[in-house]
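Every heavy atom of this structure was used, including side-chain atoms; hydrogens, water molecules and symmetry mates were not.
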Amino acid sequence: QVQLVESGGGLVQAGGSLRLSCAVSGRTSSSYVMGWFRQAAGKEREFVAAISWGRGILEYVDSVKGRFTISRDNAKNTVYLQMNSLKPEDTAGYYCAVQSPRGIMDSRSEYDYWGRGTQVTGSS
């Protein structure tokens, strides 16, 4: 079992920044892939970013490239999502997830464990 706990969400004005954290515990592995997803009200949960724990391979959805940065701290077993230049359309619940690597990082069906999420609200 793997446990994931997100934190760092909040209300931020357009153009502002937030940093989300995801603390990972349990049966972890240096080969895991960590992903961030988001789900806005009435919409499907969508991929935002992912990082391979060991090799550091990164992937982003086009809408956040250049604004969001995913990173990890191996010593703290924590994954971060730095969000800059936030827009109202970034408003969503943000969830972190983990998968044993299968080569597909942007599909929610490939992830095995999920956190409960943290809410990000961007105001105009």
Side-chain angles (χ1 to χ4, degrees):
Q1 281 285 72
V2 177
Q3 293 79 42
L4 307 167
V5 179
E6 304 95 334
S7 60
L11 175 65
V12 62
Q13 287 191 331
S17 298
L18 280 176
R19 187 177 80 158
L20 305 183
S21 300
C22 175
V24 185
S25 61
R27 289 183 56 190
T28 59
S29 166
S30 61
S31 64
Y32 275 179
V33 169
M34 299 296 304
W36 283 99
F37 289 76
R38 66 185 178 187
Q39 187 168 16
K43 295 189 176 181
E44 296 283 321
R45 188 169 297 187
E46 66 169 355
F47 170 76
V48 176
I51 183 169
S52 64
W53 198 269
R55 298 174 63 188
I57 298 172
L58 307 177
E59 190 167 329
Y60 297 94
V61 68
D62 286 346
S63 60
V64 307
K65 285 180 180 177
R67 300 190 298 122
F68 291 10
T69 303
I70 188 170
S71 62
R72 71 201 190 283
D73 184 328
N74 293 352
K76 294 182 179 180
N77 272 355
T78 300
V79 177
Y80 304 99
L81 186 68
Q82 177 67 45
M83 305 187 295
N84 298 327
S85 303
L86 280 161
K87 304 176 181 180
E89 52 263 42
D90 294 318
T91 295
Y94 282 72
Y95 300 84
C96 69
V98 63
Q99 62 160 269
S100 296
R102 302 185 181 96
I104 301 173
M105 297 170 72
D106 63 353
S107 172
R108 63 182 184 181
S109 65
E110 299 296 327
Y111 287 81
D112 304 301
Y113 298 98
W114 293 82
R116 292 178 176 237
T118 185
Q119 180 66 32
V120 171
T121 303
S123 64
S124 57

Report task. Grab the two heavy atoms, one from Leu86 and one from Leu18, that are nearest each other, plus how far apart they are. Result -> CD1-N, 4.0 Å

Query raised in the report: Tyr113 and Val5: same hydrophobic cluster, using ILVMFWY side-chain contacts below 4.5 Å?
Result: no

Query raised in the report: Considering the options Arg102, Gln1, Gln99, which one meets the side-chain hydrogen bond (donor to acceptor under 3.5 Å, both in side chains) requirement together with Asp112?
Result: Arg102

Query raised in the report: If you look at every heavy atom in Ser124 and Pro88, which pair is closest and at what distance?
Result: CB-CG, 3.8 Å

Query - Side-chain ion pair, Lys87 and Asp90, N-O less than 4.0 Å - result: no

Report task. For Thr118 and Tyr94, indicate whether the former's side chain and the latter's backbone hold a donor-acceptor pair under 3.5 Å. Result -> no

**Report entry** Salt-bridge criterion met for Arg116 and Glu6 (N-O under 4.0 Å)
**Finding:** no

Query - Same apolar cluster (I L V M F W Y, side chains within < 4.5 Å links), Leu20/Phe47 - result: yes

Report summary line: For Arg45, the salt bridge (Lys or Arg N to Asp or Glu O under 4.0 Å) test, sequence neighbours excluded, returns none

Query - Gln119 versus Ala92, closest heavy-atom pair with distance - result: NE2-O, 3.4 Å

**Report entry** By side chain to side chain donor-acceptor pair (under 3.5 Å) - contacts of Ser7 (at least two apart)
**Finding:** none

Report task. Determine yes or no for a side-chain-to-main-chain donor-acceptor pair under 3.5 angstrom, with Ser52 supplying the side chain and Ile57 the backbone. Result -> yes

Query raised in the report: Are Tyr95 and Tyr80 connected in the hydrophobic side-chain network, where two residues link if heavy atoms are under 4.5 Å apart?
Result: no

**Report entry** Shortest non-hydrogen contact between Ser100 and Tyr32, atoms and distance
**Finding:** OG-CE2, 3.6 Å

Requested in this report: Identify the two heavy atoms, one from Leu81 and one from Ala49, that lie closest to each other, and give their separation to 0.1 Å.
Outcome: CD1-CB, 4.2 Å

Report task. Report yes if the side chains of Val24 and Val2 come closer than 4.5 Å at any heavy-atom pair, otherwise no. Result -> yes

Query raised in the report: Less than 4.5 Å apart, any side-chain heavy atom of Phe68 and any of Val61?
Result: no

**Report entry** Validation row: Tyr60, Ile51 side chains within 4.5 angstrom (heavy atoms)
**Finding:** no

Query raised in the report: Considering only heavy atoms from C-beta outward, does the side chain of Val33 approach that of Glu110 to under 4.5 Å?
Result: no

Requested in this report: Indicate yes or no: at least one non-hydrogen side-chain atom of Val64 is less than 4.5 angstrom from one of Arg38.
Outcome: yes

Query raised in the report: Linking I/L/V/M/F/W/Y whenever any side-chain heavy atoms sit under 4.5 Å apart, do Ile104 and Leu58 land together?
Result: no

Requested in this report: Not counting sequence neighbours, which residues clear ring-ring contact (aromatic ring centres under 6.0 Å, His included) with Tyr111? List them please.
Outcome: Phe37

